[in-house]
Visitor: 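Once you've had a glance at the structure underneath, I'll fire off some questions.
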Amino acid sequence: MKVKEVAQLTGVSVRTLHHYDDIGLLTPDDTTEAGYRLYSDDNLATLQQILFFRELGFSLKKIKELLDSPSFDRQEALEMQRRMLIEERERLDRVIETIEKTIQHEKGEIIMTNEEKFKGFDFSHNPYEKEARDRWGDKAVDKANKKAGQFGPELGEEMNRIYFNLASLRHLDPASDEAQAGIAKWFEFLNKMGEYSLEAFKGLGEMYVADERFTKNIDQFGEGLAEFMCGAMGEYARRNHLKK
């Protein structure tokens with residue numbers, strides 16, 4: 001299959017498939033005389049593996065390490081992915097149950113305890129923590145985790161409020177005053193968790209659009225939010241850098 005056919009079949013963009021090839025994650029088994037990539041059934045099976053790992057939050061770097069390992073076994077990987085997805089489904093079922101009870105609570109049909117309101121939420125495990133440690137080191141991540149533990153469930157509530165507010169502004173120019181006021185709250189929130197320089201803040205925004213996992217999670221609050229935040233964060237860093 002040619003790259004466009006693979007993109008149509010799987011929903012993975014041509015650009016992403018080219019990127020996977022460039023980094024050696026998924027190299028087509030053949031090319032035409034004209035230089036077009038040709039994907040075999042084995043390539044498609046590998047792509048399926050990649051997408052399962054991505055669904056579970058694995059970084060491209062980690063996926064490549066796993067696939068390149070001499071001990072990698074596709075059947076074992078599928079069994080592991082199935083177990084992890086079942087665990088995630090069970091966690092989501094608990095969250096859905098909490099949402100349903102909260103709706104009943106808001107209608108006055110039942111009374112929820114504070115403990116019941118936060119059943120299913122789990123901030124003790126960060127799927128991006130390994131990647132964060134690779135990027136910024138153990139000390140920075142441990143410090144952020146310690147701060148996060150001091151806030152409790154209200155941390156997630158504040159984060160969601162900021163996201164929903166930014167989603168309501170995403171139709172505006174990221175450089176507008178309203179957008180900049182909204183993104184300033186995000187900068188302040190992140191610095192409650194750790195220490196983000198303006199440069200790191202800008203870099204994080206760029207990651208929101210460069211890494212599909214971040215884009216997918218952020219855009220749950222509104223399509224295009226990740227791109228809007230990237231632009232607003234870059235502009236915020238530029239403006240405040242000039243003030244110094």
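Keep in mind that this is a model prediction, so the values were computed, not measured.
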Visitor: When rounded to the nearest 0.5 angstrom, what distance separates OH in Y20 from CG in L25?
Guide: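 It comes to 6.5 Å.
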Visitor: Is it the case that more than 12 heavy atoms not belonging to E109 sit under 6.0 Å from its CD atom?
Guide: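 Enclosed: over 12 neighbouring heavy atoms sit under 6.0 Å from CD of E109.
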Visitor: For the residue pair E212 / T16, report whether a side-chain donor-acceptor contact shorter than 3.5 Å exists.
Guide: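 Yes, side-chain donor-acceptor contact under 3.5 Å.
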Visitor: Over 60° means perpendicular and under 30° means parallel, so tell me whether Y236 and F201 are parallel, tilted or perpendicular.
Guide: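 Rings of Y236 and F201: perpendicular, over 60°.
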Visitor: May I ask you to check whether over 12 heavy atoms, not counting those of E79, lie within 6.0 Å of atom CD?
Guide: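 Counting neighbours around CD of E79, more than 12 heavy atoms of other residues, nucleotides or ligands fall under 6.0 Å, so yes.
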Visitor: Other residues, nucleotides and ligands only: do more than 12 of their heavy atoms fall within 6.0 Å of CD1 on I86?
Guide: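 Above 12, so yes.
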Visitor: Measure from the side-chain N and O atoms of E227 to the backbone N and O of G224, and report whether any donor-acceptor pair falls under 3.5 Å.
Guide: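 No: the side chain of E227 does not pair with the backbone of G224.
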Visitor: Do the non-hydrogen side-chain atoms of L47 and L17 ever get within less than 4.5 Å of each other?
Guide: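 Yes; the side chains approach each other to less than 4.5 Å.
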Visitor: Does atom CG of D22 have more than 12 heavy-atom neighbours, drawn from other residues, nucleotides or ligands, at distances under 6.0 Å?
Guide: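 Yes, enclosed.
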Visitor: Any side-chain heavy atom of L9 within less than 4.5 Å of one from L44?
Guide: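 With C-beta onward as the side chain, the pair touches.
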Visitor: State, to 0.1 Å, how close G231 and P174 come at their nearest heavy-atom pair, and which atoms those are.
Guide: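 Minimum heavy-atom separation between G231 and P174: C-CB, 3.7 Å.
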Visitor: Nearest 0.5 Å, please: how far is CE in M207 from OG1 in T215?
Guide: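 These two atoms lie 11.0 Å from each other.
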Visitor: For the pair L169 and L172, evaluate side chain to side chain contact (heavy atoms under 4.5 Å, CB included) and give the outcome as yes or no after the intermediate values.
Guide: CA-CA 6 Å; L169 303 173; L172 301 175; 4.0 Å; yes
Visitor: When the aromatic ring centroids of F187 and Y196 are compared, is their separation below 6.0 Å?
Guide: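 Not under 6.0 Å, so no.
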Visitor: For the atom pair CG (N240) and CD (E235), what is the distance rounded to the nearest 0.5 Å?
Guide: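 Rounded to the nearest 0.5 Å, the CG-CD separation comes to 9.5 Å.
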Visitor: Check whether any side-chain heavy atom of L190 lies under 4.5 Å from a side-chain heavy atom of L204, and answer yes or no.
Guide: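 A side-chain contact exists here, since the closest heavy-atom pair is under 4.5 Å.
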Visitor: Taking atom CZ of F72 as the centre, report whether more than 12 heavy atoms of other residues, nucleotides or ligands fall under 6.0 Å from it.
Guide: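 Yes - once you tally the heavy atoms of other residues, nucleotides and ligands closer than 6.0 Å, there are more than 12.
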Visitor: Is there a side-chain contact between I23 and L60 (heavy atoms, below 4.5 Å)?
Guide: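 The answer is yes, as the side chains (C-beta and beyond) meet within the 4.5 Å cut-off.
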Visitor: Do we see a donor-acceptor contact under 3.5 Å between the side chains of T46 and N43?
Guide: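 T46 vs N43: no donor-acceptor pair found between side chains.
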Visitor: Should the heavy atoms of other residues, nucleotides or ligands under 6.0 Å from CD of Q104 be counted, would the total exceed 12?
Guide: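 More than 12 heavy atoms, drawn from other residues, nucleotides or ligands, come within 6.0 Å of this atom.
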Visitor: Looking at S13 and A7, what are the two nearest heavy atoms and their distance?
Guide: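 It is C-CB, 4.3 Å.
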Visitor: Should the pair R91-E88 be classified as a salt bridge under the 4.0 Å nitrogen-to-oxygen rule?
Guide: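 Looking at R91 and E88, the cut-off is met.
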Visitor: Can you tell me if E76 uses its side chain to pair, donor with acceptor, with the backbone of D73 under 3.5 Å?
Guide: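 Flag not set: sc E76 to bb D73 has no pair under 3.5 Å.
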Visitor: Apply the test side chain to side chain contact (heavy atoms under 4.5 Å, CB included) to residues Q49 and L78: give CA-CA distance (whole Å), side-chain angles for both, the deciding distance (0.1 Å), then the verdict.
Guide: CA-CA 8 Å; Q49 284 279 313; L78 287 169; 3.2 Å; yes
Visitor: To the nearest 0.5 Å, what is the distance between CD on E90 and CG on L92?
Guide: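 Separation between the atoms: 10.5 Å.
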Visitor: Please round to the nearest 0.5 Å and tell me the distance separating atom CG of L26 and atom NZ of K64.
Guide: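 One gets 11.5 Å once the value is rounded to the nearest 0.5 Å.
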Visitor: Does any part of the side chain of L38, heavy atoms only, come nearer than 4.5 Å to the side chain of P28, both counted from C-beta?
Guide: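 P28 vs L38: side chains apart.
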Visitor: Are the side chains of N160 and F164 in touch, meaning some heavy atoms are under 4.5 Å apart?
Guide: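 Of all side-chain heavy-atom pairs linking F164 with N160, at least one is under 4.5 Å.
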Visitor: Of all heavy-atom pairs between A175 and Q180, which one has the smallest distance, and what is that distance?
Guide: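 Shortest heavy-atom contact: O-CG, 3.9 Å.
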Visitor: Heavy atoms only: give me the nearest L166-G182 pair and the separation to one decimal.
Guide: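 Looking at all heavy atoms of both residues, the closest pair is CD2-C, 3.6 Å.
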Visitor: Hey, is R161 close enough to E158 for a salt bridge, meaning N to O under 4.0 Å?
Guide: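 Between E158 and R161 there is no salt bridge, as every charged N stays at least 4.0 Å from the carboxylate O atoms.
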Visitor: Do any N or O atoms from the side chain of T32 and from the backbone of Y36 form a donor-acceptor pair under 3.5 angstrom?
Guide: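 Yes, the answer is positive, given that a donor and an acceptor are paired below the 3.5 Å cut-off.
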Visitor: Are the side chain of E100 and the backbone N or O of E97 linked by a donor-acceptor pair below 3.5 Å?
Guide: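 No; zero donor-acceptor contacts below 3.5 Å.
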Visitor: If the test is ring pair (Phe, Tyr, Trp, His ring centres under 6.0 Å), which one of Y208, F189, F221 qualifies with Y163?
Guide: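 Only one of Y208, F189, F221 forms a ring pair (Phe, Tyr, Trp, His ring centres under 6.0 Å) with Y163, namely F221.
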Visitor: Do F228 and H171 have side chains that approach each other closer than 4.5 Å (heavy atoms only, starting at C-beta)?
Guide: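 No, side chains not in contact.
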Visitor: Taking atom types as modelled and ignoring hydrogens, do the side chains of T27 and R37 form a donor-acceptor contact shorter than 3.5 angstrom?
Guide: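 R37 and T27 do not have a side-chain donor-acceptor pair below 3.5 Å.
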Visitor: So, taking the atom named CZ in F53 and the one named CD in Q81, what distance separates them when rounded to the nearest 0.5 Å?
Guide: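 Reported value, rounded in 0.5 Å steps: 4.5 Å.
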Visitor: Would you call E55 and K216 a salt bridge, taking side-chain N to carboxylate O under 4.0 Å as the test?
Guide: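 Yes.
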Visitor: Could you report the tightest heavy-atom contact between K101 and I110, atom names first, then the distance?
Guide: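 That closest heavy-atom pairing would be O-CD1, 3.4 Å.
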Visitor: Would K62 and E65 pass as an ion pair if we require N to O under 4.0 Å?
Guide: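 Salt bridge present between K62 and E65.
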Visitor: Which heavy atom in M112 sits nearest to a heavy atom in T98, and how many Å separate them?
Guide: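 Reported closest heavy-atom pair: CE-O, 4.2 Å.
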Visitor: Dump the intermediate steps for salt bridge (charged side-chain N to carboxylate O under 4.0 Å, His left out) on D219 and R170, then the final yes or no.
Guide: CA-CA 11 Å; D219 279 4; R170 70 186 190 281; over 6 Å; no
Visitor: Does the pair E188/K185 count as a salt bridge with the N-to-O cut at 4.0 Å?
Guide: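 A salt bridge is absent here (no side-chain N lies under 4.0 Å from a carboxylate O).
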Visitor: Hey, any chance L85 and F58 share a hydrophobic cluster, counting ILVMFWY side chains that come within less than 4.5 Å of each other, even indirectly?
Guide: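 Linked, L85 and F58 end up in one cluster.
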Visitor: Indicate yes or no: at least one non-hydrogen side-chain atom of I63 is less than 4.5 angstrom from one of R54.
Guide: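 A side-chain contact exists here, since the closest heavy-atom pair is under 4.5 Å.
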Visitor: Could you go step by step and tell me if R83 and M80 meet the side chain to side chain contact (heavy atoms under 4.5 Å, CB included) rule?
Guide: CA-CA 5 Å; R83 288 195 301 271; M80 179 193 72; 3.8 Å; yes
Visitor: Is a donor on one side and an acceptor on the other found under 3.5 Å between the side chain of S69 and the backbone of L66?
Guide: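 No.
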